[in-house]
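Take a look at the structure set out below.
Computed from heavy atoms alone, side chains included, the values below leave out hydrogens, waters and symmetry copies. The shown structure was predicted, so the numbers you read here are calculated from the model rather than taken from an experiment.
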Amino acid sequence: MRLLVVLAFLSFTSCYETERHCKNFKTGKFYSEVLINGELFKSSFNRTETLQIEVYNNKTDSSKLRWINDCEVIFKTINPKNRAEKKDIHLKILTTTDSSYTYEYSYVGETKKQKGVAYKAN
C-alpha cells in the first residue's frame with residue numbers, strides 16, 4: 001500500500017514544472033545582483049528586444065541580443081575591449097515572479113554557470 005502512495009505522489013509531482021513568464025522581462029529597466037565567491041556584484045541595465053545597455057562600477061557596456069526563445073538569450077558585446085568581452089554569453093531565465101527573475105548564465109560553450117537575480121526597476 002505504501003508503495004502505491006509513493007508511486008502516485010511521484011507521478012503527480014514529476015509532471016510539475018515551474019511556471020515562467022519570461023516575456024515580462026524581455027524589455028524594460030532592471031537591476032541585478034550576482035553572488036560570486038562570497039562577493040555581491042550589482043548592476044543596472046536597460047533592455048530592448050535587440051539591445052541591452054548595462055552600467056556596472058560606473059562603466060557602460062552595450063550588447064546585442066539574440067533571443068533563442070522567450071526564456072533564453074545570447075549577449076554579444078558591441079565594442080569588446082579584450083578577449084573575454086569577445087565571448088558571447090548565454091543567459092537562461094529559470095524562475096519568475098511578478099517583479100523579478102532568477103537566471104543562470106555562462107560563456108557560450110562553457111559548462112561553469114553562475115546564478116543571479118534581476119529585478120524590475122520602477
Shortest non-hydrogen separation from [X] to [Y] and the atoms involved:
| X | Y | value |
| --- | --- | --- |
| Y31 | F45 | C-CE2, 4.3 Å |
| T60 | V55 | OG1-CG2, 3.8 Å |
| F41 | I36 | CE1-CB, 3.8 Å |
| S62 | I53 | OG-CG1, 3.8 Å |
| H90 | I74 | CD2-CD1, 3.5 Å |
| F25 | I93 | CB-CD1, 4.4 Å |

Is there a donor-acceptor contact under 3.5 Å linking the side chains of E85 and T77? no
Straight-line distance of [X] [atom1] to [Y] [atom2], nearest 0.5 Å:
| X | Y | atom1 | atom2 | value |
| --- | --- | --- | --- | --- |
| Q114 | N37 | CD | CG | 7.0 Å |
| L91 | K113 | CG | NZ | 10.5 Å |
| I89 | S106 | CD1 | OG | 8.5 Å |
| L65 | E49 | CG | CD | 8.5 Å |
| D70 | K26 | CG | NZ | 4.5 Å |
| E104 | K112 | CD | NZ | 13.5 Å |

So do the side chains of [X] and [Y] get within less than 4.5 Å of each other, counting heavy atoms only?
| X | Y | result |
| --- | --- | --- |
| K59 | D61 | no |
| V108 | K87 | no |
| Q52 | V73 | no |

Counting only heavy atoms not in N82, do more than 12 fall under 6.0 Å of its CG? yes
Could you state whether [X] and [Y] fall into the same hydrophobic cluster, counting links through intermediate Ile, Leu, Val, Met, Phe, Trp or Tyr residues with side-chain heavy atoms under 4.5 angstrom apart?
| X | Y | result |
| --- | --- | --- |
| Y107 | V34 | yes |
| I68 | Y105 | no |
| Y101 | L94 | no |
| L35 | Y103 | no |

Pi-cation contact, F30 with R47 (under 6.0 Å, within 45°): yes
For the pair D88 and F75, evaluate side chain to side chain contact (heavy atoms under 4.5 Å, CB included) and give the outcome as yes or no after the intermediate values. CA-CA 6 Å; D88 293 349; F75 294 89; over 6 Å; no
Determine whether a donor-acceptor pair (N or O, by modelled atom type, separation under 3.5 Å) exists between the side chain of K120 and the backbone of N24. yes
Which of S100, S44, S99, S32 passes side-chain contact (heavy atoms from CB on, under 4.5 Å) with Y119? It is S100
